Every structure is written in C-alpha cells, then in structure tokens.
Engineer: 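There's a structure below that I have some questions on.
No experiment lies behind these values; they were computed from the predicted model shown. Every chain is numbered from 1, with letters handed out A, B, ... down the list of sequences.
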Amino acid sequence: MLKILDENGNVNPVLEPELRGDELIQMYKFMVFSRVADEKAFSLQREGRMGTYAQLKGQEAAQVGSSYALREMDWIFPSYRDLGAMIVRGLPLEYIYLYWMGNEEGSRIPEDVNVFPLSVPVGSQIPIGVGFSNAIKLDEGNAVTVVYFGDGATSEGDFHEGMNWAGVFKTPTVFFCENNQWAISVPRNKQTASKTISQKASAYGFKGIQVDGNDLLAVYSATKEAVEKAQKGEGPTLVEAYTYRMSDHTTADDSGRYRNESEIKKWVEQDPIKRFKLYLELKGLLDNSLDDKIRKETGQMVDNAVKKAEACPAPKPEDIFKYTYAEMPDHLQEQLDELEDSIG
Amino acid sequence: MLKILDENGNVNPVLEPELRGDELIQMYKFMVFSRVADEKAFSLQREGRMGTYAQLKGQEAAQVGSSYALREMDWIFPSYRDLGAMIVRGLPLEYIYLYWMGNEEGSRIPEDVNVFPLSVPVGSQIPIGVGFSNAIKLDEGNAVTVVYFGDGATSEGDFHEGMNWAGVFKTPTVFFCENNQWAISVPRNKQTASKTISQKASAYGFKGIQVDGNDLLAVYSATKEAVEKAQKGEGPTLVEAYTYRMSDHTTADDSGRYRNESEIKKWVEQDPIKRFKLYLELKGLLDNSLDDKIRKETGQMVDNAVKKAEACPAPKPEDIFKYTYAEMPDHLQEQLDELEDSIG
Amino acid sequence: MPVLNIVEAVNMALREEMQRDKRVVILGEDVGVNGGVFRATVGLQEEFGNKRVIDTPILENGIVGCAIGMAVYGLRPVVEIQFMGFIYYILNHIISHAARLRTRSRGRYTVPLVIRAPYGAGIRAPEHHSESTEAIFAHIPGIKVVVSSTPRDTKGLLISAIRDPDPTIFLEPKRIYRALKGDVPDEEYTIPLGKARIVREGKDLSIICWGAMVMVAEAVANEAINDGLDIEIIDLRTLSPLDKDAVISSVEKTGRALVIHEAPKTGGLGAEIVALINEKALLYLKAPVLRVTGQDVAVPLSQAEDYYIPSVARVLNALRDIMAF
Amino acid sequence: MPVLNIVEAVNMALREEMQRDKRVVILGEDVGVNGGVFRATVGLQEEFGNKRVIDTPILENGIVGCAIGMAVYGLRPVVEIQFMGFIYYILNHIISHAARLRTRSRGRYTVPLVIRAPYGAGIRAPEHHSESTEAIFAHIPGIKVVVSSTPRDTKGLLISAIRDPDPTIFLEPKRIYRALKGDVPDEEYTIPLGKARIVREGKDLSIICWGAMVMVAEAVANEAINDGLDIEIIDLRTLSPLDKDAVISSVEKTGRALVIHEAPKTGGLGAEIVALINEKALLYLKAPVLRVTGQDVAVPLSQAEDYYIPSVARVLNALRDIMAF
Ligand SMILES: Cc1ncc(C[n+]2csc(CCOP(=O)(O)OP(=O)(O)O)c2C)c(N)n1
Ligand SMILES: Cc1ncc(C[n+]2csc(CCOP(=O)(O)OP(=O)(O)O)c2C)c(N)n1
Ligand SMILES: [Mg+2]
Ligand SMILES: [Mg+2]
C-alpha cells in the first residue's frame, strides 16, 4: 500500500510529490470545504431542508487528492458520495445541494465544468465513463477520465464490463475505487474474496495500485501517475484508495446496527484532514490563525451555497416534461395540459 | 499450462492420473462419440433436418475429460456447445438432437440425469450453476457443480458476478472455461487484455489453472482436483482449458471471413482425439481393429439417436401453453382455444 | 389481532414461512445483519441464521441468477431488490430463464422464486428510488406479478407467492409502507394469486387500481359522494395473471371505468385493462375508460414528485369527464 | 434505383451516414471483420476502419454503457445487439441513463444513440432468437422506438434515428430481412420518426401493425377482398412516440380496428393502441378492437413456432368476428 504521510504528518521525503505551498494549502482548503459542506448537508437533512444525503466524511483525502491531480481538460464521473471530487473540479456547491434537495437544476452542470452528474445506480457510471474516455481516444483528444466508485460497486457487472472494455481498448481511464470498507451494512471482506481491490486489475490486463486513502499525498501521487500514463496512451489504471466511511451510509441509515463504535474510533484517529494538517504545520505552511481563517471563510462559502440552493425556484409543471426529448411530442403537451388543469 | 500428454501421445509419468484401462477406453469412446455425433448434426443441418447447430469439434478432450472427472452425484450446467459433456453425464444423444431440431422435449432431461438444459445467452448459466451449488452447500450435500462456458463468456457481467459469488460463499463450483480462441469472429486477445483466462480467478480470491485443453489427461486431472477441493469445502476453482474451435461458430457461420486456414491447420495437428489415440496405442490398450469396432458401434448409436429424435412427434398447440405455469390460467386456455380454432 | 403496517406484515409473512418451510431462504443486499434498508427482514437473521438470511454482495443480476439456481435445486428463495429502480439488471435472468425454465424443460425444472421490491413514488426519495415499472413484468409470460395494498393482503399474498411453484415479482408500495396500518391475523392464511379485491362497492363507476393508488381511489370515492356518485373500487392485487372477471363484471354493472397507476401512461398496465374492457364489455360502456397515471417522463426528483403521482384532483377531473361524456 | 432487401438497406443507411458524419461510429459483437451475423455491417470496417466500426467483447450491458458515454461525448454511436433476445441486459442503462440524462441534467447532457436489433420470429432460429419485446421499450419515457417494414423505410428511418438527438431503439424484422426486396433510392432521404405509413387505404376496417406483421396484414387484406371487405392498413413505423392521429383518423373512417403484433398479448403494445382508440374514438367504434398477437408464452422452438406467430387464418378469424359483431 502506497503511503507517503504517516499518521503524525511525517512525510517520506523520497516519495513526496512536488507541490508548491499554495497548492498544498489549496488542497487543504478543499478538504476542509468538503468536510464542512458535508456536515452542513447533514444538518440540512435533519432540519428537513434536504432529502436523503450520502456523507463523505473520512474520504476527503481520497476525493480531493485524486481530483486535484487532474488537469483542467480531464473529466470525472462521480458516484453519489463524491461531493469533494466534484467541488475540486469546479462544480459550485449549490448544485450538489440542489440535487439532494430534489431539484434537477442541480445536475445542470455548467458548460465549462467537466463533471458528469453523479450516479446513483451503483457502478453504472463506470462503463459510461469508460465509453466517454474511449471517445476521447477515438477523437485523438488528450483528456483523461476518472470514474469514481466504491468497494461495493466492484461486485456489479458494470465494473467488470467497464474494466474489461478499458483493458481491451486501452482507454485513457483512471478507475478510482474508494474502498471505504463498507457497502451500506456489508463489510469489504463479504463483498469479494479478493485480497485487495487493486489486484482485480490484473484480470483485465492492466495495473492496479492500492494507496492509503487517508493520505492526501499518496492519493495525489498515484492518481497523477495514472493520469500521466493514460494521457501517454498507455491505458487505464485501477487505483484503490483504502479509506473509511466515518458516517452512516446515508442520512437514512443507522450504522450502529452493523458496526462497532470501536472500529469507527480507530479510523477517526486516522482522520485524513488531521493528518494533512500536521504535515502542513510541520512544513510551516499552516498555523492556527490561518486555519481559523480558512474555516471561517469556508463556513461562509458553505452558507452562501445553502442560500443559493434554497433560493432556486421549485420546478414548474412544464419542467418535468420539457427535457424528456429535444422536442416535446404531442402526447407530452397533452399530459402537461392535463396536469396544469388539475392544479388550476 | 498443465500438460500431461504431448502431441505424440507420450505421457508425463509423474503426472499421469490413475485410471484403469477400461476407463481410458471409455473416455476414448466418449470422444469418438462426440465427434461422430457432432459431424452427424452438421450433416443433418445441411440436409435441412436440423436447425442451426453449434459444433464442438476440437473440444472433445476438454468436454469429455472434465465431465468424466465427475461423480454420479455431480451436476453440470452446459453452454450450447457442450454436447460432449452432456453425453458423458448420461444425457441420451437424441435429447440434444431434438433440442436443435426445435423441439422442447429435448430439454426434458430425464430425472436421473444431473444435467441442466443447455443455455444460449452467453454466460447466463454461470450464476445459475453457482446458485445451484450454493444450494447444495446450504443443504449440506456433497455434490459439486461444473459450469461450462467459453472464452467470450468471461466478458459478461454474469461471469464476474457468478465468480464473485462463488468466492464470497465458497461454493462447491468448478468454473470450466473452454477457451477455444474465438467468440464467433472475435479472437481471444480482443476479448480481454488479461494474459490468461485462468488468472482472472485471483480477482475473486480463489485459484485458477490453465490446462492444455486438447490433452484429455490434463483436463481430467485438473478437473478432478478441482472437484475434490470443492467437495472438501475448500471452494471454487477456475479451470481454463486452452483449446480450439475447429469448426465454424455454428452452421450459420462462415469462419473463412475472419480467420486463416493456416491457423486451423496448426490446430488440426493438435487434434485431441488423435493425441489420446496415440497414447492408448503406446499403452497397448487400442489397436486398429478395436478402433474400427468402436467407430462402427458409435456410428450405429448415433444413427439410432437420429431415428429416435426424428420419431418424436411434433409439439401440439397445447404444448406451447401447458408448461408456462404449473396450472394453466384462464387467459392461456382462451388463447389455446383461439389457436385451435384457427387451425380447424 | 395485531395491528401492523405493511413492512411489518412482510416481516411476519417471511418469518412464518421460514418457520414452516426450511427451504425458504432470503437473499439480498443488507437483508441480514441490517434487517433490510426498510427493515422488512429485521430479526430474521437472528432467528434463522446467516445460511437462510443471506447478505449478498451488490450484484442484482447475479443475485437473481443464483437464486434461480437455488430454486431449481429445490429451495424457495425470496430475493429482496432494494428498490425497483435497480431491478432492471435482473430482466435477462427473469425473461430468459426464470420465466421459461418450466416450459423449456417441459416441466422438469421449475423456479419457485419470489422477488420482492419496494416500488413507487411519494416518499421524497432520491433519484431512481421511485419507479413503478410493473408493466414490464406483467408483459413477461411465465411469471406472476403481485402488488399488495394493505397489511392484511401483504401477508396473505406474500405467503401465496412463496408457496407458488412459479416465479413471482412481489411489489410493495413503499409510499404506504408505514403510512397504513391494519389488522393482520396472527394465524396462517393465504390470499389466492390472481384474484382481485373489491375495496368498495358502487354503481356509477369502477376505479381499477393497485398498490398505493388504492388510497387515492378511496379519497376520490369519498369526494365523489359530494357529486352524488357511488364509486366502486377494484384493487387488482395480482397484475399477472389479471383477474379479468372482476374487472369485467364491475364494468358491466357500472358502465364506466377509470384506471389509476403511478407508472407512465403509455404502455402501462392501464392500457391492458382498457383493452380488456373494450374486448369483453364494449357494449356496456357509457363513456371511454380513462387512465390517470404518471406522465410519460422520468419520475422527477422530490420537489416535483407531486406533479407526477396521480393526485385526487387529477382523478376527479377524469371522473367528471367520464360522467359528462 | 437499386432494389435491395432490408439488410442491404440498413447497410446503405449506415454507410451513407458514416460518410456524411464523422461522429457516427458502429459498435457491436462481430460487426467489424465479420460484417455482422446478419451481414448488416458488411464492408463498413474496410471502408471506415476499426476505430469507427468496433468489434466489442461480449458484454451487451457494457456496450450500451460505453456507447452512452460516447454519445455524451458527442459521438453518434450505433450499437448492434445481435438478437433482441439478448437486449435485456441493457435495460438498466437505457432506463436509468440513456432515457433520462437529458432531463436529469436539464439538457446539459444528451444521448444521441441508436440501438439496432433484429427481432421477431419466423426464421426457425434457435432459442432466444425470436423475441419481440418492443412493448418494454415503448413504455420507457425518453427514448424512441422505431420498427421498419420495408427496405425503403429502413433506410429513411434509420438515417432519421441516427440524426435524432435522443436515444432510439431501432428494430429490424428479421423474418423479412431478406424475404422482402424493394426500391431504395440512392440519394439521401429521411423518413420522419413519429409518423405512420398508410400501407393501403380501405373503408371497412383498419389493421394496425408494424414490422413483419405488415406482410401478414397485406395477405389478410387480399383474402378479405373475397369477403367483400376493403381493409386499411397502417404501418406504425414508430412505436414511441405513437402517431396517434394516423390511428384515430383511420378508425374514425372505418369504425373498426384490429391490431397485429408478434409480442405476447398481455401488456403488448396492442393494448396501448386499443386504449388510445377507446380514449379518442369510442363513439366511432362499431365493434371492439381486437388484437391478434403472439400468445402469452415463451416463443416456442422452431417446430411449434408457427403456432405462435399471428397467422393469416388467425387474423381472418378475428376480422370476421369484428365484422359479425
Ligand atoms: C444498482 C444498485 N443497487 C443497489 C443500490 C442501493 N445502494 C446504494 S449505495 C449502496 C452501497 C454501495 O457501496 P459502495 O459501492 O461501497 O459505495 P459507498 O456507498 O460505500 O460509497 C447500495 C447497495 C443502488 N444505489 N444501486
Ligand atoms: C448474451 C448473448 N450475447 C450474444 C450472443 C450471441 N452469441 C452466441 S455464441 C457467441 C460467442 C460466444 O463465444 P464463447 O463464449 O467464446 O463461446 P464459444 O461459442 O466459442 O463456445 C455470441 C456472441 C448470445 N448467445 N448471448
Ligand atoms: Mg463502500
Ligand atoms: Mg470461444
């Protein structure tokens, strides 16, 4: 397992990636932002201001480290839990909030943001992302596609077929598995008898690598290497980020039913933000006052996103019809009329 | 790649399985029977007496060697090409002929024959066979299930999900892949970038083994070992039989469109029956007169099966209705009446 | 008699059948330790162990493929698909094997299998968690499709489905999973598959519906009293095979009919019911049979969900159109 | 004008569109070197190379998943599913993504994708090679479903489907793949999706059908002349969205209608057409609209296949029932 930072923030100098101080701070900010935005979403849900929501707590390094390693032109295909990755790629937080508040406007991704709408059917974004990267290759583009998915998703046929396709056609794809040890209530060792997730890549003729998913630098380095390899035409890589889902599966779940407090505690000690903070402090890039400032600014940004999301008008009847096809067929117009009639 | 017999019939004495002379001759008979039955099916199709048919020519050792390694109680879940395996397991040839002649009676497997009806949707028999073997395990039975499939089938989600299930639940399953180098027109190296099929097992936490699929003894030994392991509760094995489809994909195919005569020639030299015959001759178990006798008897048996299959009456209208449910619902009775009305 | 909600009735049916018949096993994602995301299987793994209540990996297609194999062996698997929105993965195994193994093998191999899935909109669930695609299944020969609409029916129908020798898709209307409570007999009972329930007798118009729409129909019937209308409500209970007689005799009596379903209109099961009435009772009809259904769009996310689900107002409009015809 | 069969017309349409639009790519099992198991893509890989005519591994679900990704990128993938019997694997990607990406993303992401599949019985094919499950697709909002029945239509409709900005399932009736020949203009032309074709005008009864059933309808119409009947035949051409006007105005004229399809009866698209007529033209009806369809059974193997496919005799029986009503 690739590890660059230890639990106390000490870096392995041989493996330390070349990143400027402002970049490191930026990554830290993204992690903090993800955490705060995540916690906010949780309270919004509890207050009845948001629907079911899937928290990412504990997976900030995995998401931020991987997405930060991408270039402007690259694309991501996230799962439902990947708020952190989407944010880093430039999707304004209010979009993600809007989606979970039950408004499709949240998936009207801005034209210049290379993010696919998050996918709910587990693993289904994998072949779509692979096909997209295959199109890039056919079109002789330079971009690389990262597909995000969980450990549970590796059981689905979609994972297998996407991996197989990528291997055969050597697509510029990075398969990024956030192995957070749980798929709702099913632990990783009951999901597959494979020793690691990363070794599954060999069944498809390419490399897999397991990294400490709570180590921002390890995640960043492994992803960057995979992206570079893909971009050079050397095909796909599977990156397994070994991490942990610190929260319940979603706001509708109660993980106390199936896992121990002690396990969670152990992992809380491995908190990826804490570890990176220690590293930044050791490097002299961060102190308490800067941290306070970052957290304060983050809080404001998140509040701002809540405001924007809540200010977005609710869908009108016509909105549920008019994007079904490029042109609205007669029968939908008829159904819209009928609906409007009933609303009066 | 496990190999026990070389091209000239010389055996590796260390690996030679313990089989009596009559058993060896029986296996030889099964191979010859498969070949003759296969060629007969081909001519029946050409004469318009049978529908599309998928020949097994070249895969006799793979099918006979594997199915002969099973015990009475074991089960097989074949694909469309597995006439040889089904025969060995006791399914009378006329059943298989009847099926390809377009009569469902061909899949009315006799009660004492542990053979599942052959499956056409590529790979779909895999999870079914795995589930069946899981049921054996839950029921604390001793039987083992062998699922047969091709190299092409390994690309399907069904393969992946079946393998994953077997790994997680340690089911008594043998995955028997007849890697015949082609999936219709798609060669093995375009099917998956994996170096071997057998290595795919490691993605599921169990062992895979590649054997020379034209070497009856190697196939037999590897399967037998896998069955014993499964029976002892040690879980599944993937056996890759490296062989060759000497015929077209089916009688509806023309492989001249996508592969070279020279490739076929090379493999014809590897003919599994020829190789095993040399071995038997070297062992003094077979001579020309015995061989002639075997071939003559085989011819008669096959002709007999043709007669039986052709003597089976065509389905009556009610036959297409009455097995849809355990009890025929009213609307099917109504539809049957309407049909009979129209026939007069 | 205990007063239970639908989830609890599911649980009771499963427990009783597992006690009665050792061949019954439960398979699904999170059905074991967690007791199911809707708690329908809660307590069952404790009681019957993890060989009979099996937490599976995430592979719907594989679960059903494996369950078919188990059913062929002679077990009685009951699979939970977590939400109907994830059921499409299983279509191939249902169509190509479960539904036709009996006829393929002329009765030698059979598939006594139940697939349970919560379905329908109305609980502000995330995307893909609100679908109603029962019509797809009702079009597949060789399987049965059952939808319950009360706690009492849930237990009786689910037990029948488990005992049925053929594969059954058993749909549970999650909108009323907990919203509706009712008496559920403790003792063993079954409700036959293929028989509709007359929820309420009436003489002016027949509403045909199932699942959560039965409640909508009841609300409509109550409103319609103000218009002086006496509405009959038929809860189909089994969507395949359909209880044609129940539909036809009701329409012969009332001369007017209306179907409500949550699924999109075009090609929904409402069409089949209209076609049936047209075929068998055309001369009794005083007006066209209308359908009030989900629209032909993807089920919207929660903010617009109410536009999608047939509302009392929409049904009343249709009803008035029929009466005014 | 060249005289072509349907397979050749498919080939011509694909070739012309690939020449016209570099974004068009073909994906499928055996579509490249082998030219397709029905030869529909023959010669295309030679002409356009293996980056535009792509032989895939065997993974229907994955092909469509990947093709969706390609379409989102901006390519115009045309996928061949070798037989409709293997199409069920793709349902999840069609329903959960292809059909709803436009509405999910409010128009930001779209899926200009065509899925071609030969469908239907009548060629003595092996098991699973004779299905007609178009009704499943016609029930999915957000996609279009097209069926051609002549070589000329095939070219024009397929080109329209390829140019359409939304996902289309394009079904080719393999029973008449080669049996039917006809003029196919060399030059570019399209036939609009969503518009039916009046195959033959008549005043006594409307037969509504598609695909290989059009030929059956024509045979019936010829026979019916002996009964003194003048039959109108409507070939729907597009099953979703339906050309309601064509159906309704025909029935308003004739007052009698009959639907023929190969799919099982219950929940087949015939039901939708009956429901439509009931909704919009009830007062014009002189008799119930009848359906002559495949039965509610698995398509039998070849020896019993003819029992299953709607025959001229069965249609004539229904027609006489209608006339005698
Ligand atoms: C196809 C499908 N099946 C089931 C579900 C229900 N479900 C949602 S998340 C989840 C667990 C996924 O686990 P994993 O892939 O490890 O991702 P994580 O939630 O841990 O991020 C399940 C079963 C779904 N969304 N899609
Ligand atoms: C699900 C499915 N897709 C496509 C087909 C069409 N088809 C029949 S056989 C075949 C090739 C299978 O290749 P392989 O698994 O290697 O088996 P082989 O035919 O070589 O024995 C294909 C694509 C099918 N029967 N089922
Ligand atoms: Mg997980
Ligand atoms: Mg092969």
Side-chain angles (χ1 to χ4, degrees), chain C residues 60-61 85-96 99-100 103-104 127-128 131 133 135-142 239-242 259 263-283 285 287-291 294-298 300-301 325, chain D residues 60-61 85-96 99-100 103-104 127-128 131 133 135-142 239-242 259 263-283 285 287-291 294-298 300-301 325:
Chain C
E60 291 77 11
N61 169 73
F86 311 127
I87 209 168
Y88 313 116
Y89 291 97
I90 78 169
L91 254 280
N92 186 62
H93 274 288
I94 293 295
I95 297 181
S96 301
R100 56 198 290 171
T103 193
R104 172 184 302 149
E127 200 178 355
H128 308 285
E131 343 291 297
T133 40
I136 293 178
F137 294 92
H139 184 48
I140 303 172
L239 305 185
S240 173
L242 276 173
V259 188
K265 181 176 187 182
T266 301
L269 202 69
E272 181 59 40
I273 293 158
V274 180
L276 174 66
I277 294 171
N278 161 92
E279 228 166 88
K280 311 266 183 186
L282 183 66
L283 293 184
L285 279 187
V289 184
L290 295 190
R291 295 174 280 169
Q295 295 95 359
D296 289 323
V297 302
L301 295 184
F325 185 80
Chain D
E60 291 76 10
N61 169 74
F86 311 127
I87 210 169
Y88 313 116
Y89 293 96
I90 79 170
L91 254 280
N92 186 62
H93 274 288
I94 293 296
I95 296 181
S96 301
R100 56 199 290 169
T103 192
R104 170 183 303 148
E127 199 179 355
H128 307 286
E131 344 291 298
T133 40
I136 293 178
F137 294 93
H139 185 48
I140 304 172
L239 305 186
S240 174
L242 277 173
V259 187
K265 181 175 186 182
T266 302
L269 202 70
E272 181 60 40
I273 293 158
V274 180
L276 174 67
I277 293 170
N278 161 92
E279 228 167 270
K280 310 267 182 184
L282 183 67
L283 293 183
L285 279 187
V289 184
L290 295 189
R291 295 174 280 169
Q295 295 95 358
D296 288 321
V297 303
L301 294 185
F325 186 81

Engineer: Work out which heavy atom in D:Pro141 is nearest to a heavy atom in C:Ala298; give both atom names and the distance.
Structural biologist: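 D:Pro141 and C:Ala298 have their closest heavy atoms at CB-N, 4.2 Å.
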Engineer: Heavy-atom distance under 4.5 Å between the side chains of D:Leu285 and C:Asn278, does that happen here?
Structural biologist: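 Sidechains of C:Asn278 and D:Leu285: in contact.
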Engineer: Does a salt bridge link D:Glu272 with C:Lys265, judged by any charged N lying under 4.0 Å from a carboxylate O?
Structural biologist: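 Salt bridge: no.
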Engineer: Chain D heavy atoms under 4.5 Å from C:Ile273: which part of the residue, side chain, backbone, both or neither?
Structural biologist: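 C:Ile273 has no heavy atom closer than 4.5 Å to chain D.
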Engineer: If we only count heavy atoms from C-beta on, is the D:Thr266 to C:His139 side-chain gap below 4.5 Å?
Structural biologist: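 No. Closest side-chain heavy atoms not under 4.5 Å.
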Engineer: Heavy-atom distances under 4.5 Å only: say whether C:Ala287 touches chain D with side chain, backbone, both or neither.
Structural biologist: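 Looking at C:Ala287, just its backbone touches chain D.
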Engineer: If you take all heavy atoms of D:Ser96 and C:Gly85, which pair is closest and at what distance?
Structural biologist: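 Between these two residues, the closest heavy atoms are OG-O, 4.2 Å.
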Engineer: Can you tell me which residue among D:Ile136, D:Leu91, D:Ile94 is in a side chain to side chain contact (heavy atoms under 4.5 Å, CB included) with C:Tyr88?
Structural biologist: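 Result for side chain to side chain contact (heavy atoms under 4.5 Å, CB included) with C:Tyr88: D:Leu91.
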Engineer: Given heavy-atom pairs under 4.5 angstrom as the criterion, report whether the side chain, backbone, both or neither of C:Glu131 touches chain D.
Structural biologist: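 Contact with chain D involves the side chain of C:Glu131 alone.
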Engineer: Which one of C:Thr103, C:Val289, C:Leu301 has the most heavy-atom pairs closer than 4.5 Å to chain D?
Structural biologist: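 It is C:Val289.
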Engineer: Measure C:Ala99 against the heavy atoms of chain D and call it side chain, backbone, both or neither at under 4.5 Å.
Structural biologist: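 Neither part.
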Engineer: Among C:Val297, C:Val274, C:Asn92, which has the most heavy-atom pairs under 4.5 Å with chain D?
Structural biologist: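 The answer is C:Asn92.
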Engineer: Minimum heavy-atom separation for D:Glu279 to C:Leu290, with atom names?
Structural biologist: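 Answer, listing the atom of D:Glu279 first, then C:Leu290: CG-CD2, 3.8 Å.
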Engineer: Taking only residues two or more places apart in sequence or in another chain, which ones pass ring pair (Phe, Tyr, Trp, His ring centres under 6.0 Å) with D:Phe137?
Structural biologist: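 D:Phe137 satisfies ring pair (Phe, Tyr, Trp, His ring centres under 6.0 Å) with no residue once adjacent residues are dropped.
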Engineer: Does any backbone or side-chain atom of C:Ile140 lie under 4.5 Å from a heavy atom of chain D? Answer side chain, backbone, both or neither.
Structural biologist: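 Neither part.
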Engineer: D:Ile277 versus chain C, heavy atoms under 4.5 Å apart: side chain, backbone, both or neither?
Structural biologist: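 Neither part.
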Engineer: Side-chain contact, heavy-atom cut-off 4.5 Å: C:Leu282 with D:Leu282?
Structural biologist: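 They are in side-chain contact.
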Engineer: For chain D, which of C:Gly268, C:Pro241, C:Pro300, C:Gly142 has the most heavy-atom pairs under 4.5 Å?
Structural biologist: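 Of the options given, most contacts go to C:Gly268.
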Engineer: Applying side chain to side chain donor-acceptor pair (under 3.5 Å), can you list everything that pairs with C:Glu127, at least two apart in sequence or on another chain?
Structural biologist: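 So C:Glu127 forms a side chain to side chain donor-acceptor pair (under 3.5 Å) with A:Tyr99, D:Arg104.
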